[in-house]
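Treat the numbers as computed from the prediction; the structure is a model and nothing was measured. The figures that follow rest on heavy atoms only: side chains count, while hydrogens, waters and symmetry mates do not. Letters A, B, ... are given to chains in the order of the sequence lines, protein chains preceding strands, and every chain is numbered from 1.
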Amino acid sequence: MRDGGPEGTFVLTSEPQHLARLRDWLRGELTRLKVENQEQFGLQVAVGEICSNSIRHAYAGLGGKPIHVSVQGSEDRLVIEVRDFGKKFDPEAYRPPDFEAVPEGGIGLHLVRQFVDELSYDVTQEQGTRWTLVKYRRRG
Amino acid sequence: MRDGGPEGTFVLTSEPQHLARLRDWLRGELTRLKVENQEQFGLQVAVGEICSNSIRHAYAGLGGKPIHVSVQGSEDRLVIEVRDFGKKFDPEAYRPPDFEAVPEGGIGLHLVRQFVDELSYDVTQEQGTRWTLVKYRRRG
Amino acid sequence: MEIQVAQSQDVTVVVPTGDLDMGAADQVRRVLTELIDKGQLKLVMDLGGVGYIDSSGLGTLVAAMKQARAAGGNLKLCALQDDVRSIFEMTRLIKVMSVHPTRQEAVASWG
Amino acid sequence: MEIQVAQSQDVTVVVPTGDLDMGAADQVRRVLTELIDKGQLKLVMDLGGVGYIDSSGLGTLVAAMKQARAAGGNLKLCALQDDVRSIFEMTRLIKVMSVHPTRQEAVASWG
Ligand SMILES: Nc1ncnc2c1ncn2[C@@H]1O[C@H](COP(=O)(O)OP(=O)(O)O)[C@@H](O)[C@H]1O
Ligand SMILES: Nc1ncnc2c1ncn2[C@@H]1O[C@H](COP(=O)(O)OP(=O)(O)O)[C@@H](O)[C@H]1O
C-alpha cells in the first residue's frame, strides 16, 4: 500500500485492513476543505462502502489490487472519486434493497398461531386436511 | 351452502362470501360456550384463516366444495376442527414467515446514497468502475 | 362491504364499512387500483368502520400501498379499531405502513 | 480491533473497541460464533467504544443475532454512539434488533 500521488488522492491496495487508514486520510482532506465535522462521518461511511465494494466485488476479496480515491472541493461542492480496475459494476443486475419487505405469504397460519394454544393437522385422510385448533380456557 | 349437521358443526361451501356467515355462527357457538368476548375475535380470525386456506389452497379457489367446522367445549379447553376434502396440506413445504427479514445485501450502496447528494459511475473504462460521489456544500 | 370515497383537498379518503376478509378483498383491490391508475396517489384508508380483517385483507392493503409508493404516492391508514390494530401488530405491518389515529391527522400528514 | 468479553450473571457482554468495519468483521464474527457454539446465548454487545460501523459490521451483527435467536437466545445491543445509531436507523435495523441505552439496562432486560 502507498498513499503517494498528487495532493488530494490516495491509493490503497485491496486489503480490508487498509480501510481505516483511508478513513483517516479522508478525514484530514475533509478538514482541510473545511467540511463540517458532522458531515465527515457520513462521507467516511460512503467512501468506505464504495471501497469495500471494490475489494469484495471488483476484486472478489483478493488483496494487492489498487483502489484510487480522490477528493476535490470547489465553492459549492465536494467531488470524491473512487476507481477500481477489477470486475465492472453491472447496473442492470443491481436491485436496491426493499426495506419495506413484508412476508408475502404464510401470514395466515402465523395469525392462527397467535390466537390458539395448539394447532395440529391430520393428513392421514384420503383427501384434504383436518385441522384441530385448541384453546385453553382461562380460569376466573 | 347449508349449515345443518349436528349441534356444534357448520358446513359451508368454498365461496369466500360464506366466511362472514361462518364467523357469525362461530360467535354464537363461542357465546353459548361462555368464551369471553375478547377471545372471540382471535378465534374468528384463526378459524377464518384456516377456512380461507381451504378455499384458496385445498380447492384452488373453486366454489361449491365442502368445508366442515365444529366446535366443542370442555371444562379446560375448546377444540375447533376444520376439515376440507381437497388438496392436502404439505407440512414439508411450509415455511413460516420471517418477520425479522432484513435485506441481506445491497445495504452498502443504500448507505452511500444517504450521505451524498449524487452518486454516479462510469463503466466505460476497459476494466473496473469509476464512482463519483458529489456532496453539495452547505452555505453558512 | 360498502366502500365510500371522499376527497379532502388533494387527498383521497377511502372508507370501507364491514369485514375486510377474503370475501371483500377483491372489491377493495379494485377500488384502490382504479384510484391509483387515475393518478390519485395520496390515499388514506379510514378503517373506523372495519371490525374484522384477515390476511387477505392485509395483503390487499400492502399491495395497494406498494403500488401507490411505486408511483410516488402512499396509502396511509387511520382510525384502526383495537382488534384490527392487534392484527397489524402481530404481522409487524404497523411498522411498515403509515398509521394515524384519526382521519384528520392522516390527511394533515400529507402536509 | 480490541474485543473484551465480560460475564454478568448468565449474560455475556461483548465489548469491542475500535471501528467495526470490513477489516474487523471477521474477528467479531469469530468471537460471537464461538460464544454461541459454547451455548452462551444471552449476549449483549456494548458498542460504547465503537465510533464507526459499515455494512459489513452490520451484517456480522445481524448474522450473530439470527444464530443466537435460532438457538433460543438473542444478541442485544447497547450504548450506541450517535453516528453509529444513525446507521442502524437508516437500515431499519433499529426496529429489528433489541437496542438498549445502557449496558445495565440491556443486561437487566433478560429478566
Ligand atoms: N387447507 C390447506 N390445504 C392445502 N394446503 C394448505 C392448506 N392450508 C395451508 N396450506 C399451505 O400452507 C401454506 C401457508 O399457509 P398460510 O400461512 O395461510 O399462508 P398463505 O395462504 O398466504 O400462503 C399455503 O401457502 C399452502 O401451501
Ligand atoms: N466496485 C464494484 N465492482 C463491481 N460490482 C460492484 C461494485 N460495487 C458494487 N457492486 C455490485 O453492486 C451490488 C450492490 O452493492 P451494495 O449495495 O454495496 O451491497 P452488497 O455489497 O451488500 O451486495 C453488489 O452486490 C455488486 O454486485
Task: A:L78 portion near chain B, given a 4.5 angstrom heavy-atom threshold - done: both
Task: Proximity breakdown for B:V116 and chain A, heavy-atom pairs closer than 4.5 Å - done: side chain
Task: B:K65 atom NZ, over 12 foreign heavy atoms within 6.0 Å - done: no
- [ ] Identify which part of A:Q114 has an atom lying under 4.5 Å from any heavy atom of chain B, answering side chain, backbone, both or neither.
- [x] neither
- [ ] Classify the ring geometry between A:W131 and B:F89 as parallel (under 30°), tilted (30 to 60°) or perpendicular (over 60°).
- [x] tilted
Task: B:V47, part contacting chain A, at a heavy-atom distance under 4.5 Å - done: both
- [ ] Sort A:Q72 into side chain, backbone, both or neither according to what part of it lies under 4.5 angstrom from a heavy atom of chain B.
- [x] neither
Task: Part of A:V71 within contact of chain B (heavy atom distance under 4.5 Å) - done: neither
Open item on the list: Looking only at heavy atoms and a cut-off of under 4.5 Å, which of A:R130, A:R83, A:R113, A:E81 has the most pairs with chain B?
Closed with: A:R83
Task: Part of residues 50-57 of chain B lying next to chain A, heavy-atom separation under 4.5 Å - done: B:I50, B:N53
- [ ] Evaluate the side-chain proximity of B:Y94 to A:L109: yes if any heavy-atom separation is below 4.5 Å, no if none is.
- [x] yes
TODO: Give, as side chain, backbone, both or neither, the part of B:L33 having an atom under 4.5 angstrom from any heavy atom of chain A.
DONE: both
Open item on the list: If you compare all heavy atoms of B:K87 against all heavy atoms of A:T129, which two are closest, and at what distance to 0.1 Å?
Closed with: O-OG1, 4.2 Å
- [ ] Might you point out which heavy atoms bring A:V112 and B:A46 nearest each other, and give the distance in Å?
- [x] CG2-O, 3.6 Å
Open item on the list: Quick check for you: among B:K34, B:E118, B:Q127, which has the greatest number of heavy-atom pairs under 4.5 Å with chain A?
Closed with: B:Q127
TODO: Name the region of A:S120, side chain, backbone, both or neither, that has any atom closer than 4.5 Å to a heavy atom of chain B.
DONE: neither
- [ ] Could you check which of B:D84, B:V134, B:L111 has the highest count of heavy-atom pairs closer than 4.5 Å to chain A?
- [x] B:D84
Task: Pick from B:T132, B:I80, B:L43 with the largest number of heavy-atom pairs that fall under 4.5 Å of chain A - done: B:I80
- [ ] Go through the structure and list residues passing ring pair (Phe, Tyr, Trp, His ring centres under 6.0 Å) with B:Y59, not counting sequence neighbours.
- [x] none
Open item on the list: So for B:F85, is it side chain, backbone, both, or neither that comes closer than 4.5 Å to the heavy atoms of chain A?
Closed with: both
- [ ] Please examine the side chains of B:E39 and A:K135, heavy atoms only from C-beta on, and report whether any two atoms are closer than 4.5 Å.
- [x] yes
